[in-house]
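Please read the structure below before turning to the comments.
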Number of protein chains: 2
Amino acid sequence: MKIDPRSHVPIYLQIADGIREAVAAGIYSPGESLPSLRVLALDVQVNPNTVQRAYDELARDGLIYSRRGKGLFVAEQGKANALERARKTVRRLFDQGVQAGHSAGMDANDIRAVFQASMSAKEKQ
Amino acid sequence: MKIDPRSHVPIYLQIADGIREAVAAGIYSPGESLPSLRVLALDVQVNPNTVQRAYDELARDGLIYSRRGKGLFVAEQGKANALERARKTVRRLFDQGVQAGHSAGMDANDIRAVFQASMSAKEKQ
DNA sequence: CCTACTGCATTAGCCATCTAATGCAGTAGT
DNA sequence: ACTACTGCATTAGATGGCTAATGCAGTAGG
């Protein structure tokens, strides 16, 4: 996992996003164990508490669950919950964008055009 | 202008957004003077420096300009610059949304569907 | 000139957030 | 039991962003 310590986005979020993507992509199967706090902490060169905070995020969203003394595991509905979570994030960002455009006087077609441009740019990657 | 002091979004941004929308909507004409730092500060019950920071934002984006001792005025291309600025903001948010969806394994149609939902919800307001 | 207004620069305090340090508590193999 | 792992709770330090206090500098009218 790639972590940038001097990014404006917090480390624990970078970690959470990484795991979330992996779960959404099905890289981890339900019931499969995840790297322990200390192992992952050592891996990304950060304090175990920071990793824990990332796992907390994921547990709250139902992607994973934890067993004290045993470890961390992918939840049964982990993949589905990851997708649901992602969908909400996307929706929130789109709502913000639509709202911003509307406030500035852009009409529906203007906003749609920007969205199309964004989609096209993504495909070219 | 409506300001919420205990919002997570900074006061200076709330002020800047309010003025930006007004300029984009053509409520202020080019060359027209804006409320002075202290007047607006008194109006929204905040320190003049906070208002200044809002005006700084707008000046950097070319919406307004300032003359020491005289006041603040809407730039000639203020409205156009406001629209351009808004377009970039919308684009940035859409890019983030598209990226998030893609990372989570959503395909183009999934993402489009969320966008449509967002647009529909906006129209119903 | 002098007063009353302008915008602006400097400084400091406050506060939220992130990260780390440390120790406790549960599990399991030997 | 003992050891070596687990996750977790508490606390503290550090950092950055936001807001305010204060004073300087420029403009214009009486």
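When reading the values below, keep in mind they use all heavy atoms of this one structure, side chains included, and skip hydrogens, waters and symmetry mates. In what follows, every chain begins at residue 1, and chains take the letters A, B, ... in the order their sequences are listed. Given the structure is predicted, the values throughout are model-derived calculations rather than measurements.
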Worksheet item: NA contact type, B:R67, heavy-atom cut-off 4.0 Å: base, sugar-phosphate, or nothing?
Response: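 Here B:R67 touches the backbone only, sparing every base.
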Worksheet item: Which part of the nucleic acid, if any, lies within reach of A:V39 when heavy atoms closer than 4.0 Å are counted: base, sugar-phosphate only, or nothing?
Response: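 Contact class for A:V39: sugar-phosphate only.
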Discussion item. Applying side chain to side chain contact (heavy atoms under 4.5 Å, CB included) to B:L58 and B:Y55, what does each step give before you reach the verdict?
Written reply: CA-CA 5 Å; B:L58 303 173; B:Y55 279 142; 4.1 Å; yes
Worksheet item: DNA chain C: A:G69 or A:T50, which has the more 5' nearest nucleotide?
Response: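 Nearest nucleotide further toward 5': that of A:T50.
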Fill in: From CA spacing to verdict: side chain to side chain contact (heavy atoms under 4.5 Å, CB included), B:I111, A:F94
CA-CA 10 Å; B:I111 295 174; A:F94 284 175; 3.8 Å; yes
Item to complete: Supply the atom-to-atom distance B:D110 CG to A:L83 CG, rounded to the nearest 0.5 angstrom.
Response: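 Result: 8.5 Å between the selected atoms.
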Item to complete: Enter the distance from A:Q52:CD to A:I15:CD1 here, rounded to the nearest 0.5 Å.
Response: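 The CD atom of A:Q52 sits 11.5 Å away from the CD1 atom of A:I15.
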Worksheet item: Of the non-hydrogen atoms in A:R20 and A:A82, which two are nearest, and what is the gap between them?
Response: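 The answer is O-CB, 4.3 Å.
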Item to complete: Could you verify whether a donor N or O on one side chain and an acceptor N or O on the other, from B:Q99 and B:S103, lie under 3.5 Å apart?
Response: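 Side chains of B:Q99 and B:S103: pair found under 3.5 Å.
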Rounded to the nearest Å, what distance is computed from the [atom1] atom of residue [X] to the [atom2] atom of nucleotide [N]?
X	N	atom1	atom2	answer
B:E57	D:dT19	CD	P	12 Å
B:D56	D:dC18	CG	P	13 Å
B:D4	D:dC18	CG	P	16 Å

Practice prompt. Identify the 5'-most and 3'-most nucleotides of DNA chain C with at least one atom closer than 4.0 Å to a non-hydrogen atom of chain A.
Written response: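 Here the contact window of chain A covers C:dC18 to C:dA28.
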Fill in: Test: B:D4 and B:R6 ion pair at under 4.0 Å
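Result for this pair is yes, salt bridge flagged.
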Worksheet entry | A:E32 atom CD: more than 12 heavy-atom contacts under 6.0 Å |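 More than 12 within 6.0 Å, yes.
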Worksheet entry | Any residue of residues 5-24 of chain A with a heavy atom less than 4.0 Å from an atom of DNA chain C |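 Within this stretch, A:P10, A:I11, A:Y12 sit under 4.0 Å of the strand.
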